[in-house]
Protein chains: 2
Amino acid sequence: MSSFRSSDDMHDRCVHCIGRVDSICNAIEDCDLAVLASESSKMTVSGGRSFIDEGSPAHDFFVVTGGRAKLFTLLPDGRRQVTGFAEGGDFLGLAASDSYAFSAEALGGVSLCRFPHASMQRLTARFPNLEHRLREEASRELALMQARMTLLGRKTARERLATFLIERCQGPHRAAPVLKQPIEIDLPMPRTDIADYLGLTIETVSRTFSLFRREKLISVRGITHITLLDPERISAIADGME
Amino acid sequence: MSSFRSSDDMHDRCVHCIGRVDSICNAIEDCDLAVLASESSKMTVSGGRSFIDEGSPAHDFFVVTGGRAKLFTLLPDGRRQVTGFAEGGDFLGLAASDSYAFSAEALGGVSLCRFPHASMQRLTARFPNLEHRLREEASRELALMQARMTLLGRKTARERLATFLIERCQGPHRAAPVLKQPIEIDLPMPRTDIADYLGLTIETVSRTFSLFRREKLISVRGITHITLLDPERISAIADGME
DNA sequence: CAGACACCTTGACCTGGATCAAGTGTGGCG
DNA sequence: CGCCACACTTGATCCAGGTCAAGGTGTCTG
């Protein structure tokens with residue numbers, strides 16, 4: 001942190017940040033943004049680099065301010081479970097007691113805002129509303145995980161991939177997707193990560209994509225670019241309705 | 001709520017409760033227990049009855065004060081994922097935004113302490129520490145779920161059951177189990193629930209128990225009563241180390 | 001103490017997805 | 001423009017765990 005910056009600069013750093021709108025920082029008033037900025041620091045992580053290590057002492061929280069990251073856990077023999085993907089506005093670090101319960105790795109360049117636990121403690125002491133906001137965030141995540149467990153424990157490969165596609169459709173601010181017409185989405189993560197996210201192998205993911213393509217449920221252009229041709233039916237498949 | 005009870009009675013209701021030690025109620029000082037009691041109410045649910053319904057508006061939090069419950073989600077065609085078992089001291093209801101993300105059903109009689117959201121709001125306003133405690137609870141749960149996802153997405157049946165057995169060993173206050181000598185545990189839930197918890201079928205659970213028995217890893221007396229004969233090795237299996 | 005019900009175990013067989021093994025783009029770079 | 005490297009796709013085969021179908025076992029009831 002450059003201590004010679006004016007309080008106005010600090011304020012500016014937060015006021016135009018995506019976290020200001022989408023993330024926990026919206027628990028704080030405009031006039032207090034300088035305090036928020038002074039308790040946090042910006043950082044960037046380049047693709048493939050990890051910035052949270054499962055099992056290491058949890059010292060910081062993070063807000064993703066740009067780019068994407070994947071979150072995952074490992075078994076001793078290398079089996080991997082991707083537990084989530086994070087993008088602009090997402091808050092990371094709640095899933096930890098003393099040490100982090102997951103690792104996080106940049107998916108092609110992320111920018112982050114880092115809040116040391118001590119800073120967060122000062123912030124929550126000063127802005128009680130923030131603590132409530134953190135709990136809210138944890139509750140939202142907890143509800144999502146409930147659905148993820150059902151996916152991993154009980155859904156078929158077909159249903160898992162359909163669920164994944166529908167998940168990727170939600171607009172900004174996590175709005176529910178409109179399923180009436182075709183939807184274009186990007187899949188910025190490699191197939192391997194999709195497989196590890198869905199508890200499948202890369203081959204099964206690939207085959208199931210091909211299947212969906214042959215059934216005219218989706219069309220694929222250039223690996224990362226996918227159009228859901230019949231979102232409603234995909235959504236039905238996701239819910240195990242066919 | 002019986003409004004004619006004296007404040008002392010109210011105090012007594014909380015002071016000897018298991019939640020006082022183990023659960024979120026330990027965020028509140030002895031002298032304030034009457035307030036806590038006045039914002040909550042006791043209730044009991046008999047075996048097989050459900051008291052939280054997935055998708056219904058989330059109005060209450062619960063502390064389990066006795067007995068056990070299972071938490072689960074359903075797919076439209078009836079496939080079930082048990083997402084957890086709750087017992088004395090556990091706090092329920094965080095996994096919800098507007099509506100509950102799971103259902104909860106008594107496993108042979110539970111007693112509960114119910115906190116309507118409005119009451120909890122008054123309590124957190126008065127005892128800021130409580131809000132922090134709730135977040136802590138959510139974080140603990142979030143960390144557990146991370147491990148659960150790895151189990152469901154990446155572990156074999158053998159590893160899942162071993163993990164389940166080790167989980168059941170933790171002493172009071174969630175202390176880490178001592179694995180050096182045999183450990184006796186009770187499994188108060190039917191095999192069906194274990195299967196739905198581990199993302200397996202009842203047959204596979206049964207077969208794997210028999211396998212463990214033949215390998216002298218466990219001994220079974222009367223279905224619910226199990227002794228882990230070699231906890232250390234079971235723990236190794238659980239972690240995918242053999 | 002028989003009979004019934006609920007739950008668990010075991011066996012035989014099947015299958016969805018894993019594993020193993022080639023291909024087939026496609027983007028980067030000389 | 002051509003070659004390489006890497007990521008994805010596709011095909012052939014295999015197997016862990018699911019499904020289907022009998023038996024056990026314990027417990028409650030009359």
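In this text, all values refer to a predicted model and were calculated from it rather than measured experimentally. In the text below, chain A, chain B and the rest are named by the order of the sequence lines, each starting its count at 1.
Taking atom CZ on B/Arg154 and atom P on D/dA16, their separation rounds to 16 Å, with Å as the unit. Between B/Leu161 atom CG and C/dC8 atom P the separation is 13 Å, expressed in whole Å. If you take CG of B/Asp196 and P of D/dG17, they are 16 Å apart, rounded to a whole angstrom. Across the protein-nucleic acid pair, B/Arg79 atom CZ and C/dG16 atom P stand 13 Å apart, rounded to whole Å. Atom CZ in B/Arg191 sits about 13 Å away from atom C1' in D/dG26, given to the nearest Å. Rounded to an integer number of Å, the gap from CE of A/Met189 to P of D/dC8 is 11 Å. Counting to the nearest Å, the P atom of C/dT9 and the CD1 atom of B/Ile194 are 9 Å from each other. Put simply, CD1 on A/Ile202 is 16 Å from P on D/dG11, counting in whole angstrom units.
Remark: the backbone N or O of A/Thr204 is paired with a side-chain donor or acceptor of A/Thr208 at under 3.5 angstrom. With B/Arg154 contributing its side chain and A/Leu200 its backbone, the two residues share a donor-acceptor pair below 3.5 Å.
With no hydrogens or angles considered, a side-chain donor-acceptor pair links B/Ser111 and B/Thr65 at under 3.5 Å. Using modelled atom types and a 3.5 Å distance limit, the side chains of B/Lys155 and B/Thr163 yield a donor-acceptor pair. Between A/Arg79 and B/Thr150, the side chains place no donor N or O within less than 3.5 Å of an acceptor N or O (distance only, hydrogens not considered).
Residues from residues 206-222 of chain A with heavy atoms under 4.0 angstrom of DNA chain D, sorted by number: A/Ser206, A/Arg207, A/Ser210, A/Arg213.
Side-chain contact check for B/Arg214 versus B/Phe209: every heavy-atom pair is 4.5 Å or farther apart.
Aromatic rings of B/Phe62 and B/Phe115 (six-membered ring for Trp) have centroids beyond the 6.0 Å cut-off, not under it.
Sorted by first and then second residue, the side-chain hydrogen bond (donor to acceptor under 3.5 Å, both in side chains) pairs involving residues 87-110 of chain A (not counting sequence neighbours) are A/Arg68-A/Glu87, A/Asp90-A/Arg174.
Taking the centre and axis of the six-membered ring of A/Tyr197, the NZ or CZ atom of A/Arg148 falls inside the cone set by 45° and 6.0 Å.
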Which pairs, protein N/O on one side and nucleotides 21-24 of chain C N/O on the other, fall under 3.5 Å?
none

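The side chain of A/Thr201 contributes an N or O atom lying less than 4.0 Å from OP1 or OP2 of C/dA18.
For B/Ile223, the listed nucleotide lying nearest its side chain is C/dC8; candidates were D/dG18, D/dC8, C/dC8. Here the nucleotide nearest the side chain of B/Leu200, chosen from C/dC8, D/dC8, D/dG18, is D/dG18.
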